[in-house]
Amino acid sequence: MKQQGIDDLSNACEKTDDGVKWKQLEHKGPYFAPLYEPLPDDVKFYYDGKPMKLNVATEEIATFYAKMLDHEYTTKEIFQNNFFYDWRKEMTSEERKKIKHLEKCDFKEMHKYFVDKNEARKALPKEEKQKLKEEADKIQEEYGYCILDGHREKIGNFKTEPPGLFRGRGDHPKMGMLKKRIMPEDVIINCSKDSQTPEPPSGHKWKEVRCDNTVTWLASWTENIQNSIKYIMLNPSSKLKGEKDWQKYEVARRLKGVVNKIRSQYRADWKSREMKKRQRSVALYFIDKLALRAGNEKEEGETADTVGCCSLRVEHIKLHPELDGQEHVVEFDFLGKDSIRYYNKVPVEKPVFKNLQLFMENKDPGDDLFDRLNTTVLNKHLQDLMDGLTAKVFRTYNASITLQEQLKALTDAEDNVAAKLLSYNRANRAVAILCNHQRATPKSFEKSMQNLQAKIDAKKEQLGEAQMELKRAKADLKAKKDSLLAEGKQLLKLNVQATDKEENKQIALGTSKLNYLDPRISVAWCKKFGVPIEKIYNKTQREKFAWAIDMADEDFEF
DNA sequence: GGAAGGACTTGCGAGCACTCTT
DNA sequence: AAGAGTGCTCGCAAGTCCTTCC
């Protein structure tokens, strides 16, 4: 591997303001999605029952739709309309004259072609598969790494996104629109001046090559659906990302020091004469207590209708003066990030309840609950309370502190490793529930639960038998006792497994583990209770959290 | 001061790869 | 050896929050 530029950095970019500021960045540029291969002649598209040869560009877009035929997306009207509208834009004028209705388009042959092709690929002999893997590894090796200030670092996403049909989440108004192919002419390269500038594919040029050491991306382009910029950045295992991660948790730890003061302050503000302050203090209470997201405004009609705290509308909450024997209950029901439903019934303190009644007076269901508040206002206030404080820090703080407290409460030093891990998972789960990290119940859940139960029943029987035998055979006592003990232990372990699985049915632990829980808490816990770190972090996670594994000893306190 | 643009983190699900069972 | 089940990686959408521009 070339190590050019490590010793000679005299030519490197200089920028003096704060920020990332690397001295050397060298890479190969993005790896481009493979070009379109036209369909064989015998795979036909039919319009109105008659075969029709499409122009290559038109055909390519048709294949995007054909590939998705058995996906639910293609049954949705918005998806169909958006696709058809964009498809027609790319047709030749003759094609456009002919193809006027999507219902008359028959993609079935094309669809079958791709299904078959996919199966053929899966059925490939081992050696062929091995060869394909080696080719992929070669590409990874060549394009998947960069050199940043003398260190070889893994890149997160070194490939451009392939063209296709946009799939939004939830009720997205743009679903089905055509995502265009990214060409070198769309791509901005960022690298140091002294480094070897990456070569664009032959016959092509980059949109721009720049040297901006205040940012961390290697390449970028603007996508055509939302007109937003996409970036090629480093892998979480990189030093740069690790340092940022560490910083994030340090900010959250600083919040720990002032959170009591902030809480008494927002409680006081519930009685403020200013409406703006009251709204701010109630919103902050939600963000703190319920770990809600900030809730930026969104452009209407451009994205799915989802909300966070500051963008909650009257229709998203119901007030119950009394519910199930509890007073002042707020019932939340709204779609949050990724159109995941947030549903929760929460007893709140009386002033909060009274304030909410006030905020909702004379408003329609579609009106903003906090009409005098937005995330900019809220974050400005938070910044005054603590340097670096923003709404999202509360999520990080409350997630991490909850893990630490739960681990303390649930872990029994006398337990075996399996039981300790159940405790760990339960603590992790408490956080995931707080942050509303959900998942669809896995498809094989019922079945695999039954299998596990069958195993447990079998083990119980074995245990019973061993007990009987022990009674019968007084001789050979030691061996029988041991086998009894072993069976008992296995049963316990299976029961633990089953409990864990059941409790985890609809909860996703990954997001909190990766993004909200200070890894030093987990590392310290492992060290303190003699649990190998591999039991809670897999290889990738250990790479991402290398900084924490290095740093934390068993008495680390968040 | 507010809209638009930009950079970066967070989030879920699909599909692949690996393991375990039969 | 094959098939099922599970864990892990990757893709890329969708957030947050800061900066820039008028």
Side-chain angles (χ1 to χ4, degrees), chain A residues 17-20 33 68 71 118 121-123 126 129 132-133 136 140 144 156-162 164 166-170 172 174-175 179 188 190 212 214-217 220 222-223 225-236 240-241 244-245 247-248 287 292-299 302-304 306-311 335-340 374-380 382-383 388-396 399 432 435-440 442-445 447-449 451-452 455 501 508-516 537-541 543-544:
Chain A
D17 37 16
D18 59 352
V20 216
M68 297 177 74
H71 201 288
N118 209 7
R121 190 178 49 83
K122 278 185 196 150
K126 236 206 233 139
K129 279 187 182 167
L132 288 174
K133 186 160 185 302
Q140 165 75 40
N157 57 322
F158 58 90
K159 294 172 176 169
T160 62
E161 292 172 18
F166 176 80
R167 316 143 96 107
R169 309 240 170 91
H172 199 117
K174 298 194 170 186
M175 61 168 81
K179 243 177 79 165
I188 301 173
N190 192 27
D212 182 354
T214 67
V215 297
T216 67
W217 51 269
S220 71
T222 302
E223 55 87 37
I225 304 285
Q226 324 264 10
N227 231 272
S228 67
I229 309 172
K230 299 266 186 166
Y231 302 93
I232 289 186
M233 287 186 187
L234 293 181
N235 186 275
L240 189 144
K241 293 282 190 190
K244 290 204 153 202
D245 211 29
Q247 276 176 23
K248 175 182 78 182
I287 284 171
L292 299 190
R293 294 185 188 83
N296 286 311
E297 293 104 301
K298 302 169 76 184
E299 221 176 318
E302 294 291 303
T303 58
T306 62
V307 297
C309 186
C310 293
S311 51
L335 297 182
K337 183 177 179 181
D338 290 319
S339 293
I340 299 289
N374 62 39
T375 55
T376 309
V377 170
L378 179 64
N379 279 334
K380 223 166 242 153
L382 292 176
Q383 184 60 239
L389 186 61
T390 62
K392 82 195 268 279
V393 179
F394 281 88
R395 247 167 107 78
T396 312
C435 294
N436 200 41
H437 291 142
Q438 300 189 26
R439 62 166 183 179
K443 281 181 217 97
S444 56
F445 184 84
K447 212 168 130 201
S448 98
M449 201 65 200
N451 288 160
L452 198 52
K455 268 192 192 170
K501 198 181 189 86
L509 300 183
T511 300
S512 52
K513 206 172 187 177
L514 245 38
N515 300 302
Y516 289 105
Y537 290 141
N538 68 29
K539 186 162 161 284
T540 313
Q541 293 169 159
E543 280 166 11
K544 166 166 175 163

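Since we're looking at a predicted model, the values are computed, not measured. Each chain gets a letter, A, B and so on, in the order the sequences are listed, and its residues count up from 1.
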Polar atom pairs (N or O), protein with nucleotides 15-18 of chain B, under 3.5 Å:
residue: dC16(B); atom: OP1; partner: Arg121(A); partner atom: NH2; Å: 3.2

Value in whole Å for how far the P atom of dG11(C) lies from CD of Glu223(A)
17 Å

In terms of the angle between their ring planes, are His172(A) and Phe166(A) parallel, tilted or perpendicular, with boundaries placed at 30° and 60°?
perpendicular

Strictly distance-based, threshold 3.5 Å: is any side-chain N or O of Gln383(A) a donor or acceptor partner for the main-chain N or O of Gly388(A)?
yes

Please report, rounded to the nearest Å, how far the C1' atom of dT9(C) is from the NZ atom of Lys539(A).
11 Å

Residue whose nearest DNA chain C nucleotide is more 5′ - Gly168(A) or Asn235(A)
Asn235(A)

Nucleotide N/O to protein N/O under 3.5 Å, stretch nucleotides 20-22 of chain C:
none

Without swapping roles, check the side chain of Lys544(A) against the backbone of Asn235(A) for a donor-acceptor pair under 3.5 Å.
no

Between P on dC8(C) and CD on Glu543(A), what's the gap in Å once rounded to a whole number?
13 Å

Is a side-chain donor or acceptor of Asn379(A) paired with a backbone partner of Ala391(A) at a separation under 3.5 angstrom?
yes

dG15(C), OP1 or OP2 - any side-chain N/O from Thr306(A) closer than 4.0 Å?
yes

Send over the distance from Leu292(A) CG to dT16(C) C1', rounded to a whole Å.
14 Å

Within the 4.0 Å heavy-atom criterion, would you say Ile225(A) contacts the bases, only the backbone, or no part of the nucleic acid?
nothing

Look at all strands and tell whether Lys179(A) reaches a base, only sugar-phosphate, or nothing, counting heavy atoms closer than 4.0 Å.
sugar-phosphate

With a 3.5 Å cut-off and no angle check, do the side chains of Thr375(A) and Asn296(A) form a donor-acceptor pair?
yes

By salt bridge (Lys or Arg N to Asp or Glu O under 4.0 Å), which residues pair with Lys380(A), not counting sequence neighbours?
none

When the distance from CD of Glu297(A) to P of dC17(C) is rounded to whole Å, what number comes out?
12 Å

Under 4.0 Å between any heavy atoms, over every strand shown, what does Ala304(A) touch: base, sugar-phosphate, or nothing? Just pick one.
nothing

Would you kindly give the CD1-to-P distance between Ile287(A) and dG15(C), to the nearest whole Å?
15 Å

Looking for any heavy atom pair under 4.0 Å, which part of the strands does Pro236(A) touch: base, sugar-phosphate only, or nothing?
nothing

Measure the angle between the two terminal helix axes of the helix from dG1(B)-dC22(C) to dT22(B)-dA1(C), five base pairs each, and quote it to 10°.
10°

Taken to the nearest 0.5 Å, the spacing of Asn227(A) CG from Thr222(A) OG1 works out to 6.5 Å

Could you run through nucleotides 4-10 of chain B and give me one letter per nucleotide, 5' to 3': B if any protein heavy atom sits under 4.0 Å from the base, S if only the sugar-phosphate is that close, - if neither?
--SBBSB

Hey, does the side chain of Lys241(A) reach the backbone of Leu234(A) with a donor-acceptor pair shorter than 3.5 angstrom?
no

Checking all strands, does Gly510(A) fall into the base, sugar-phosphate, or nothing category for heavy-atom contacts under 4.0 angstrom?
nothing

Determine whether the side chains of Lys298(A) and Thr306(A) contain a donor N or O and an acceptor N or O closer than 3.5 Å.
yes

For Glu161(A) and Lys230(A), what are the C-alpha separation, side-chain angles and deciding distance, and is it a side-chain contact (heavy atoms from CB on, under 4.5 Å)?
CA-CA 9 Å; Glu161(A) 292 172 18; Lys230(A) 299 266 186 166; 3.2 Å; yes

Expressed as a whole number of angstroms, how long is the span from Asn538(A):CG to dC10(C):C1'?
14 Å

Hey, mind stepping through Asn190(A) and Ser220(A) against side-chain contact (heavy atoms from CB on, under 4.5 Å) and telling me if it holds?
CA-CA 8 Å; Asn190(A) 192 27; Ser220(A) 71; over 6 Å; no

Quick one: on DNA chain C, does Asn379(A) or Thr160(A) contact a more 5' nucleotide (nearest heavy atom)?
Thr160(A)

Indicate yes or no: does Glu223(A) engage Lys179(A) in a salt bridge with an N to O separation below 4.0 Å.
no

Nearest 0.5 Å, please: how far is CG in Leu292(A) from NZ in Lys392(A)?
15.5 Å

The test is side-chain contact (heavy atoms from CB on, under 4.5 Å); show your working for Asn157(A) and Tyr231(A) and say whether it passes.
CA-CA 8 Å; Asn157(A) 57 322; Tyr231(A) 302 93; over 6 Å; no

Sequence-distant partners of Glu543(A), salt bridge (Lys or Arg N to Asp or Glu O under 4.0 Å), two or more places apart:
Lys539(A)

Does OP1 or OP2 of dG15(C) have a side-chain N or O of Asn296(A) closer than 4.0 Å?
no

Below 4.0 angstrom from OP1 or OP2 of dT16(C), is there any side-chain N or O of Thr390(A)?
no

note: Lys298(A), atom NZ; dT16(C), atom C1'; distance rounded to Å ~ 12 Å

Under 4.0 Å: is that the gap between some side-chain N or O of Gln226(A) and OP1 or OP2 of dA13(C)?
no

